[in-house]
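Heads up: the structure comes next, in structure tokens.
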There are 2 protein chains.
Amino acid sequence: MSSELTEPGTGPTGAAPTLSEVAKRAGVSSITVSRVVRMPDLVAPETRARVEQAMRDLGYIPNLVAGALASARTNSVGVLVPTIANSIFADTVQGLSDKLEPLGFSVILAQSRYDAAREDRMLAALLSRRPEAIIMVGSPATEDGSRLLRNARIPIVETWDLPANPIDAVAGFDNYKAGVAVAKHLVAQGRKQLAFIGGDDPRGTRRWFGFRDEALASGLAEPRRLILDRKDSGSVAAHARLPGVDAVFAANDAHAIGFMSGLRKAGVLRDGPASAQPVAVIGLGDLEMGQLISPTLSTISVHGDAIGRTAATLTLERGGERRIDLGFELVLRDSG
Amino acid sequence: MSSELTEPGTGPTGAAPTLSEVAKRAGVSSITVSRVVRMPDLVAPETRARVEQAMRDLGYIPNLVAGALASARTNSVGVLVPTIANSIFADTVQGLSDKLEPLGFSVILAQSRYDAAREDRMLAALLSRRPEAIIMVGSPATEDGSRLLRNARIPIVETWDLPANPIDAVAGFDNYKAGVAVAKHLVAQGRKQLAFIGGDDPRGTRRWFGFRDEALASGLAEPRRLILDRKDSGSVAAHARLPGVDAVFAANDAHAIGFMSGLRKAGVLRDGPASAQPVAVIGLGDLEMGQLISPTLSTISVHGDAIGRTAATLTLERGGERRIDLGFELVLRDSG
DNA sequence: TCGTCTAATGTTAGCGCTAACATTCAAGAA
DNA sequence: TTCTTGAATGTTAGCGCTAACATTAGACGA
């Protein structure tokens, strides 16, 4: 405190102070300062106090870049998502980051924007920062991407799905079964004309297959499939393109809510329970919003944050089960 | 390709290959390999081809940790948000990351969870990775945090607000004026009993002040203020706690929609236009969802992704205007 | 008394890369 | 012919830190 007032170095005086400047000021060797930062128990209390004072005086902030190079540990994890502006993946990022940040790990975030080439570039960019693990939504879209990860020799966690041949670890759920569950439910409800709306990304497609297969197995006609652009809230207009349909599975809640909005405009939305709905709608994701609208949205609930937390755990523990099925839950409300 | 088959090193053969291993294989010095990676134009085409082949053979991935230490450039930006599982900030992160990733910058993401102590810890953690700039939502909550950033001698961008004494650059809008605009509109609509629901974070509070001051200046009684827990969709129940209120400004769209859901349950929500609503509701954020529900949500529209893009630009260009007001827009729909 | 042990601190070398400064050589200028 | 120039490549030193291995001194038992 006193020396803070008498000494330069507190304010913005040129370059950031280094370990050895702190060491000089405290009258110790740099390794001792390093120990104060990383293993304070190994340093005698008086020495430690002197070093800590010097660090405060100089406003020392350890340089983890140098530390990482020297120790071959970056304390960082690379995270690759299709997009972060999608609450469904944002929950996962929040979950894993809540788990990793207290442990001193930083999250390096990258977005593929559902673009295979960009995904490969981002994977390479992430790897060049030498993260200690990579967590990604889905699986690499290309063989190149796969090879990159396989050769990286660090824990890799694929999420939001249960790939047949995972690179390493998996935290997700069975998208095919989710589609099956929805179709089963709609069939049991007596629906006859099913349709699926959503993107054609790998996970959405897997949901579609499950949905279609189950519908066919139940003796229904093959459901219609409407591929919507992402960000396309054109799901509002989807109803017009699905004449005669009496049940819709939307690959995510946003599409489901948009579709319901279209139904409302068309006057085919009731305030009553599912049985009263001319067109049943089931979403996926269980956005909070789904409970707030009317009729409340039936949906496949998936715990995005649990996926994130589980993925984080899988990066930390190398032993044990590497394939965690977090499951899903069909939450029935009023929309279908 | 051919040598890929004949040589070890392609597969997971021990440690990651280094520059000098590539150099040895290509028969050049390591600096030449480094040049092939960073300034290929300086290298003769034949040499370059040889080096590129060697890199491919070995599966070389540059080590940016070492590169950063040597060059004092990390090509990374630290990003601090209260939470990422909130579409409003997720848009901003997406915007800035879309701008930065193509330029070779990585985003290091940290969450403060609206906790001042955690914010300070995360700021220190970010700075220890020596990012070339920091972008944060809001301003540091503590003097310590401020000092940390001020001493870092890198571009700092505060967003989502227009602080009076910014550390460096700013990309945001005037939260106070947003509150004023909403109050003005409600007053013009003839509303008498105003209320504000939302969190008590700095930006929410600024909105509240603008809202209150304008209401008072218009001769109305002081509006009620209901402070809601974040994640609290208890906004559903808020109506019961606001007897007699005929207009509500919700600090964000999620709260607004939750509140409207409560109104619906209470039977005080009409399908008609704003003038028909017993209780007007105005949100903030302009979530896509707001247009999909019924009645459609009136809101203060803020371009979260533009804030992100602008913030990114401010980290890259050191000259020019450092205080960008992106403004907001009162979007009137049916809810108020 | 001597060796042995432990706690506290120090010395050395090097992580993988790049900045800054050589060096080499061929082509053109004077 | 000799000098100059520029394109291509190399050499050297060091970024800030930590792993691994000393070293020192005091405590303690035999």
Side-chain angles (χ1 to χ4, degrees), chain A residues 14-52 54-55 58-76 104 125 127-132 152, chain B residues 9 14-52 54-55 58-76 104 125 127-132 152-153:
Chain A
T18 66
L19 252 200
S20 63
E21 293 177 51
V22 174
K24 193 174 300 169
R25 176 178 250 268
V28 298
S29 73
S30 11
I31 191 69
T32 299
V33 179
S34 176
R35 287 196 183 108
V36 169
V37 172
R38 297 177 303 131
M39 315 119 97
D41 292 350
L42 293 187
V43 180
E46 311 81 50
T47 315
R48 188 158 76 218
R50 211 148 23 94
V51 170
E52 281 165 348
M55 295 199 293
L58 296 174
Y60 174 69
I61 295 187
N63 185 331
L64 252 51
V65 176
L69 181 60
S71 69
R73 298 214 50 197
T74 55
N75 283 285
S76 65
L127 289 174
S128 67
R129 306 215 173 250
R130 298 295 189 266
E132 299 191 24
Chain B
T18 66
L19 252 200
S20 62
E21 292 177 53
V22 175
K24 191 173 300 170
R25 176 178 249 268
V28 297
S29 72
S30 16
I31 191 70
T32 299
V33 180
S34 174
R35 286 194 183 108
V36 169
V37 172
R38 296 176 303 130
M39 317 118 98
D41 291 351
L42 292 187
V43 179
E46 312 79 53
T47 314
R48 187 157 78 218
R50 213 153 17 101
V51 170
E52 280 164 350
M55 295 198 295
L58 296 174
Y60 175 68
I61 294 188
N63 184 331
L64 252 51
V65 176
L69 181 60
S71 68
R73 297 213 51 195
T74 55
N75 282 285
S76 66
L127 289 173
S128 67
R129 308 218 172 245
R130 297 296 188 266
E132 299 191 24
R153 316 188 73 50

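So you know, we letter chains A, B, ... as the sequences are listed, proteins then strands, and number each from 1. Every heavy atom of this structure was used, including side-chain atoms; hydrogens, water molecules and symmetry mates were not.
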Name the closest nucleotide to the [X] side chain, picking from [options].
X       : options                : value
B:Thr32 : C:dC17, C:dG10, D:dG10 : D:dG10
A:Ala70 : C:dG16, C:dG14, D:dA19 : C:dG14
B:Asn63 : D:dT18, C:dC17, D:dG10 : C:dC17
A:Thr47 : C:dG10, C:dA8, C:dG14  : C:dA8

Less than 4.5 Å apart, side chain to side chain, heavy atoms only: is that true for [X] and [Y]?
X        : Y        : answer
B:Ser76  : A:Arg129 : yes
A:Asn63  : A:Thr18  : no
B:Glu132 : B:Asn75  : yes
B:Val51  : B:Val43  : no
B:Val65  : A:Thr74  : yes

Which part of the nucleic acid, if any, lies within reach of [X] when heavy atoms closer than 4.0 Å are counted: base, sugar-phosphate only, or nothing?
X       : result
A:Ala44 : sugar-phosphate
B:Val65 : nothing
B:Ser30 : nothing

Ignoring backbone atoms, establish whether [X] has a side-chain N or O less than 4.0 Å from OP1 or OP2 of [N].
X       : N      : result
A:Ser29 : C:dG10 : yes
A:Ser34 : D:dT18 : yes
A:Tyr60 : D:dC17 : yes

Assess whether one donor atom and one acceptor atom, taken from the side chain of B:Arg35 and the base of D:dG10, lie less than 3.5 Å apart.
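Flag set: donor-acceptor pair detected.
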
May I have the distance from [X] (atom [atom1]) to [N] (atom [atom2]), rounded to whole angstrom?
X        : N      : atom1 : atom2 : result
A:Arg50  : C:dT9  : CZ    : P     : 8 Å
A:Leu19  : D:dG16 : CG    : C1'   : 7 Å
B:Leu69  : D:dA13 : CG    : P     : 18 Å
A:Arg130 : C:dG16 : CZ    : P     : 9 Å
A:Met39  : D:dA20 : CE    : P     : 11 Å
B:Leu42  : D:dG10 : CG    : P     : 13 Å
B:Arg38  : C:dA19 : CZ    : P     : 5 Å
A:Ile31  : C:dA13 : CD1   : P     : 15 Å

End-to-end axis angle, where each axis spans five pairs of the helix from C:dT1-D:dA30 to C:dA30-D:dT1, to 10°:
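Here the local axes at opposite ends form an angle of 50°.
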
If you round to the nearest 0.5 Å, how far is CD1 of B:Ile31 from CZ of B:Arg38?
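Reported value, rounded in 0.5 Å steps: 6.0 Å.
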
Would you give the length of the straight line joining atom CZ of B:Arg25 to atom OG of B:Ser20, rounded to the nearest 0.5 angstrom?
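Nearest 0.5 Å value for the CZ-OG distance: 13.5 Å.
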
Using every non-hydrogen atom in the two residues, find where A:Ala26 and A:Ala54 come nearest and quote the distance to one decimal.
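In this case the closest contact between A:Ala26 and A:Ala54 is CB-CB, 3.9 Å.
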
